[in-house]
Amino acid sequence: MTVNIDWENLGFEYHKLPFRYISYYKDGKWDQGQLTEDATLHLSEAAPSLHYGQQAFEGMKAYRTKDGSIQLFRPDRNAARLQDTADRLLMPQVSTEQFIDAAKQVVKANEDYVPPYGTGATLYLRPLLIGVGDIIGVKPADEYIFTIFAMPVGAYFRGGLKPTNFIVSEAYDRAAPHGTGAAKVGGNYAGSLLPGKKAKAIGYSDVIYLDPTTHTKIEEVGAANFFGITANNEFITPLSPSILPSITKYSLLEIAEKRLGMTVIEGDIPVADLDKFTEAGACGTAAVISPIGGIQYRDNLHVFYSEKEVGPVTRRLYDELVGIQFGDIEAPEGWIVKVE
Ligand SMILES: *Cc1c(COP(=O)(O)O)cnc(C)c1O
């Protein structure tokens, strides 16, 4: 079957594909799980996910390679992170085996919607774990739904990597010091909509969040992780218990160290100390890397490499990672899982 999609001009929008995976947790265990054509979830009006935010999600992609095969990038890392989030919110874990098997089933069933190699487009997968059942009291659900649905999404930067500017938020935090910042939960996102909207209204791509304890150190760039490059060939990224551990970030960190021969450092990044960085970027599955042109902090716009052009180290990191994801460059052991 051929599908009628303009792969070159896809954005990041919901697209109802023929199949998704769904599994129910009841009486203390997950069922077998299956593919379904029903794109609507059926749940109680008293479901804890709706009232108290007992829910978690993931984001990952399937890539079409040059030879036409399809592969996933480090799905075991997404499975492990969903398990960590589940622990934090008292939800049952989905095993890595079930998670990867579900992802493969969804990709395989919607194979015609995996964009062709060379378009930069991918099949985005959205795993979702929610507490359901009739529980109106503030306590964990006793029933859960785990689902994975998918949609084709376009390359984030169509005309090549383009830097944009961000503004430091001093009025809002993304997460509490010992809250759920490291868990991939919708609640963190609900609270970030307003600061994000305000930043965009005055011409920035999004806000930079500072650490919620001292408000002096960079934590996150909207819903992406921060990294900076120094003239001393260092790759520096913040370390904090309220940052969401980005799989893209840890992959770049490994590439920087092992393939680009850089010194990698996880540590504090004082917002008053941006001068040492020659380049900076935000990273996550959706955009891979968004180069940061400048950061507005109070009255000062700190420009890194350029507001117009991506820096050379950011570009090398991007090319290496994207090359691995699409199968053009040999991957480190265990990073690629073929969908057969
Ligand atoms: C998902 C997410 C990221 C990026 O993680 P990846 O695994 O690289 O996609 C970064 N920050 C936040 C807040 C996130 O939710």
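We count ligands from 1, going down the list as the structure has it; atoms in each ligand are counted the same way.
In this structure, the ring of F235 has its center less than 6.0 angstrom from the ring center of F227.
Scanning the protein heavy atoms around atom 10 (C) of ligand 1, the nearest turns out to be A223 O, 3.4 Å. Closest to atom 11 (N) of ligand 1 among all protein heavy atoms lies E220 OE1, 3.2 Å. Atom 15 (O) of ligand 1 has its closest protein heavy atom at Y189 OH, 2.4 Å. Ranking protein heavy atoms by distance to atom 2 (C) of ligand 1, first place goes to K184 NZ, 2.6 Å. The nearest heavy-atom contact from the protein to atom 9 (O) of ligand 1 is T285 OG1, 2.6 Å.
Rounded to the nearest 0.5 Å, atoms CG (L35) and CD1 (I22) are 11.0 Å apart.
Ligand 1 lies less than 4.0 angstrom from a heavy atom belonging to R81. Distances from ligand 1 to the non-hydrogen atoms of A224 include at least one value under 4.0 Å. R174 counts as a contact of ligand 1, since one of its heavy atoms falls under 4.0 Å from the ligand.
When side chains are defined from C-beta on, T285 counts as touching K61, because their heavy atoms get closer than 4.5 Å.
Between I247 and ligand 1, an N or O atom pair is found at a separation short of 3.5 Å. Considering backbone and side-chain N/O of N78, none are found under 3.5 Å from N/O of ligand 1.
In terms of heavy-atom proximity, W30 sits nearest to Q93 at NE1-O, 2.9 Å.
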Using residues 183-193 as the side-chain source, report each donor-acceptor pair under 3.5 Å to any protein atom, sequence neighbours left out, with the distance given to one decimal.
from, atom 1, to, atom 2, distance (Å)
N188, OD1, T180, OG1, 3.1
N188, ND2, T180, O, 2.9
N188, ND2, A183, O, 3.0
S192, OG, Y189, O, 2.8

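Distance alone, capped at 3.5 Å, places no donor-acceptor pair between the E220 side chain and the I243 backbone.
With sequence neighbours excluded, the residues that form a side-chain hydrogen bond (donor to acceptor under 3.5 Å, both in side chains) with D134 are S44.
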